[in-house]
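Please read the structure below before turning to the comments.
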Amino acid sequence: MTLEHFPKISQVQFCGSDSAQLLSFRQYNPSEMIDGRSMRDHLRFAACYWHTMRNGLSDPFGLATAQMPWDDGSDSIHNAKRRADAFFEFLKKCQIGFWCFHDRDLAPEGKSTTESEKNLDELIAHVSILQQQTGVKLLWGTANLFSHPRYMHGAATNPSVESFLFAAAQVKKALEVTHLLGGESYVFWGGREGYTTLLNTDLAQEREHLARFLHLAADHARVIGFTGQLLIEPKPHEPSTHQYDSDAEATLNFLREFGLFGKFKLNIETNHATLAGHSMEHELSVAMSANSLGSIDANMGTPGLGWDTDRFPTDLYLTTHIMLAVLGMGGFQGGGLNFDAKRRRESFEPIDLFHAHIVGMDAFAFGLKAAARIRADGRIMRFVQERYSSWSTPLGIEITTGEKTLAECALMARQISVSTPSSGRQEMLEGILNELILSQR
Ligand code: XUL
Ligand code: CO
């Protein structure tokens with residue numbers, strides 16, 4: 001890594017909230033300790049290769065606009081390596097400790113599986129050196145099973161067994177290189193594992209094939225000694241009309257139905273949650289209730305625009321809720337906050353990559369501090385505990401442990417003369433939340 005691709009930019013530093021320096025962190029102070037752990041270790045920021053390096057910012061109506069002076073637009077290995085150099089320089093300068101990639105955005109697709117694997121090997125050797133030089137680690141790897149025309153009808157769920165084979169080869173290799181790079185997790189996003197129309201689809205068969213594929217992948221991960229967490233990333237649709245792992249509940253049901261529960265956890269993405277008609281808090285709570293929250297794709301959608309717009313996360317309520325969930329589960333174990341986010345098409349200069357990641361990192365640093373304040377204050381958690389306190393009485397425990405029959409419950413109901421509901425106090429709780437988000441104590 002010799003040539004500088006961002007020559008006018010030096011490493012972004014924490015300068016505090018009063019600083020006039022725009023390329024600085026106002027909230028994110030990597031070594032600051034919060035609840036016994038540094039902000040760096042709580043947040044575990046990752047940047048993704050596909051948006052940061054490979055997204056030219058085109059949209060369905062217009063051409064790419066992003067300026068990428070390090071990229072000659074060719075499919076050569078040389079160009080792929082220079083692009084990786086630029087990425088790791090960016091990560092270092094932005095103080096981002098992790099990265100994520102798809103096999104095909106790192107190395108060009110070859111004319112055959114063998115050639116594609118050879119290309120990938122060359123790039124893996126290159127990024128392995130870049131990882132050593134910069135200290136940046138791999139959060140997770142994945143395989144792109146959706147861009148190539150051979151996957152137009154799906155990968156593991158393709159009506160043709162041939163596509164299943166291609167996908168198997170790709171995932172086998174992607175798991176192996178993720179392991180080689182010391183990846184902490186491996187992600188499956190089922191972009192085209194769903195249907196466009198039910199008129200041509202055998203949904204039952206497709207779900208079974210997907211489950212078989214995931215079993216094979218989990219078995220192979222074990223065989224090669226990969227001990228990282230396998231993750232599934234739910235999304236309801238886009239590009240499919242319906243994706244089989246459409247949200248956290250559907251995915252957990254799928255895992256349980258096919259004997260995969262416990263082998264996979266979930267990678268929850270904000271914009272996917274909102275596309276599914278849920279809040280991010282909902283998806284995180286569902287995943288956590290099954291001890292299955294593995295990692296987070298940190299972005300947000302555009303209200304009123306029904307696309308996966310993958311904006312950088314700037315909403316401080318959103319980041320506070322996410323960090324409340326992360327602190328609530330005792331922190332990430334092999335997961336992190338991956339910015340699966342892209343700049344707007346109009347923010348096309350290289351410096352915009354820095355502005356975009358900085359605002360996301362500061363928003364999460366703010367959310368972390370706010371979440372820690374909310375937990376230290378304790379009023380909201382105590383209210384919730386108190387609300388369910390009747391379930392900790394001997395009677396409540398007898399019911400939950402199955403020692404009371406429905407008839408016995410009915411008999412006891414006859415002895416209750418007045419029911420005594422208590423207020424849910426939603427507005428009071430929202431007031432406390434606002435107070436604690438705003439206070440800098
Ligand atoms: C697509 C998406 C993917 C996954 C990785 O919406 O989020 O980029 O994160 O395949
Ligand atoms: Co994602």
Side-chain angles (χ1 to χ4, degrees), residues 44-60 98-106 109 138-148 151 154-157 167 170-171 173-175 177-178 183-194 210 213-214 217 228-248 251 264-276 278 280 283-284 287 293-302 305-313 318 322 335-343 356-357 360:
R44 292 168 58 88
F45 289 125
C48 72
Y49 206 77
W50 54 98
H51 282 319
T52 308
M53 285 294 124
R54 303 312 309 272
N55 195 329
L57 306 179
S58 61
D59 70 17
F98 292 92
W99 69 297
C100 300
F101 74 102
H102 297 94
D103 49 0
R104 297 294 181 258
D105 49 53
L106 192 61
E109 172 108 31
L138 178 63
L139 189 67
W140 51 262
T142 185
N144 178 332
L145 304 180
F146 44 88
S147 294
H148 195 283
Y151 297 129
T157 61
Q170 243 183 281
V171 165
K173 184 70 182 171
L175 274 167
V177 299
T178 296
E184 304 214 4
S185 301
Y186 183 91
V187 165
F188 294 81
W189 168 58
R192 295 189 195 273
E193 311 293 31
L210 180 57
F213 190 78
L214 293 173
Q229 181 63 56
L230 301 178
L231 300 168
I232 298 188
E233 184 177 319
K235 183 175 179 180
H237 43 245
E238 200 194 297
S240 60
T241 303
H242 173 80
Q243 188 178 303
Y244 297 132
D245 38 18
S246 55
D247 66 4
T251 306
F264 291 79
K265 287 191 172 183
L266 306 184
N267 181 39
I268 301 289
E269 174 166 329
T270 311
N271 208 161
H272 296 179
T274 45
L275 279 182
H278 303 307
M280 182 60 168
E283 287 293 84
L284 293 174
L293 177 57
S295 199
I296 288 174
D297 267 11
N299 62 14
M300 65 182 199
T302 307
L305 188 57
W307 288 358
D308 189 14
T309 55
D310 285 348
R311 280 172 60 196
F312 275 84
L318 170 70
I322 291 177
L337 293 170
N338 167 45
F339 290 112
D340 189 355
K342 60 177 187 244
R343 300 162 285 162
H357 285 81

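Each ligand, and each atom within it, is numbered from 1 in the order the structure gives.
Note: T309 OG1 to K342 NZ = 7.0 Å, rounded to the nearest 0.5 Å.
Remark: the backbone N or O of P234 is paired with a side-chain donor or acceptor of H272 at under 3.5 angstrom. The closest donor-acceptor contact from the side chain of N267 to the backbone of I296 lies under 3.5 Å. Remark: the backbone N or O of E269 is not paired with any side-chain donor or acceptor of E283 at under 3.5 angstrom. Checking side-chain atoms of D103 against main-chain N and O of A143 turns up no donor-acceptor pair under 3.5 Å.
Rounding to the nearest 10°, we obtain 100° for the angle at the Co ion (ligand 2) between E233 OE2 and D297 OD2.
Between the choices E269, H102, H51, H272, the shortest heavy-atom distance to atom 6 (O) of ligand 1 belongs to H272.
Between Y151 and H148, the ring planes lie perpendicular to each other; the angle is over 60°, past the 30° to 60° tilted range.
Heavy atoms of V187 stay at 4.0 angstrom or farther from ligand 1.
Polar contact with ligand 1: present for K235 (N/O pair, distance under 3.5 Å). Below 3.5 Å of separation, one finds an N or O of D340 facing an N or O of ligand 1.
The minimum distance between the Co ion (ligand 2) and any N, O or S atom of E269 involves atom OE1. Shortest distance from the Co ion (ligand 2) to D340 is reached at OD2 (N/O/S atoms only).
Checking each of Y186, F146, F188 against H102 for a ring-ring contact (aromatic ring centres under 6.0 Å, His included) leaves exactly one that passes, namely F146. Remark: of the listed residues D308, D297, D247, D245, D308 is the sole one forming a salt bridge (charged side-chain N to carboxylate O under 4.0 Å, His left out) with K235.
Taking every non-hydrogen atom of D297 and a distance limit under 4.0 Å, the qualifying atoms of ligand 1 come out as 9 (O). Interface of D308 with ligand 1, defined as ligand atoms under 4.0 Å from a residue heavy atom, comprises 6 (O).
Taking backbone and side chain together, D310 holds no N, O or S atom under 2.8 Å from the Co ion (ligand 2).
Considering only non-hydrogen protein atoms, atom 8 (O) of ligand 1 sits nearest to W50 NE1, 3.3 Å.
When heavy-atom distances to ligand 1 are checked against a 4.0 Å cut-off, E238 has no atom that comes that close, whether in backbone or side chain.
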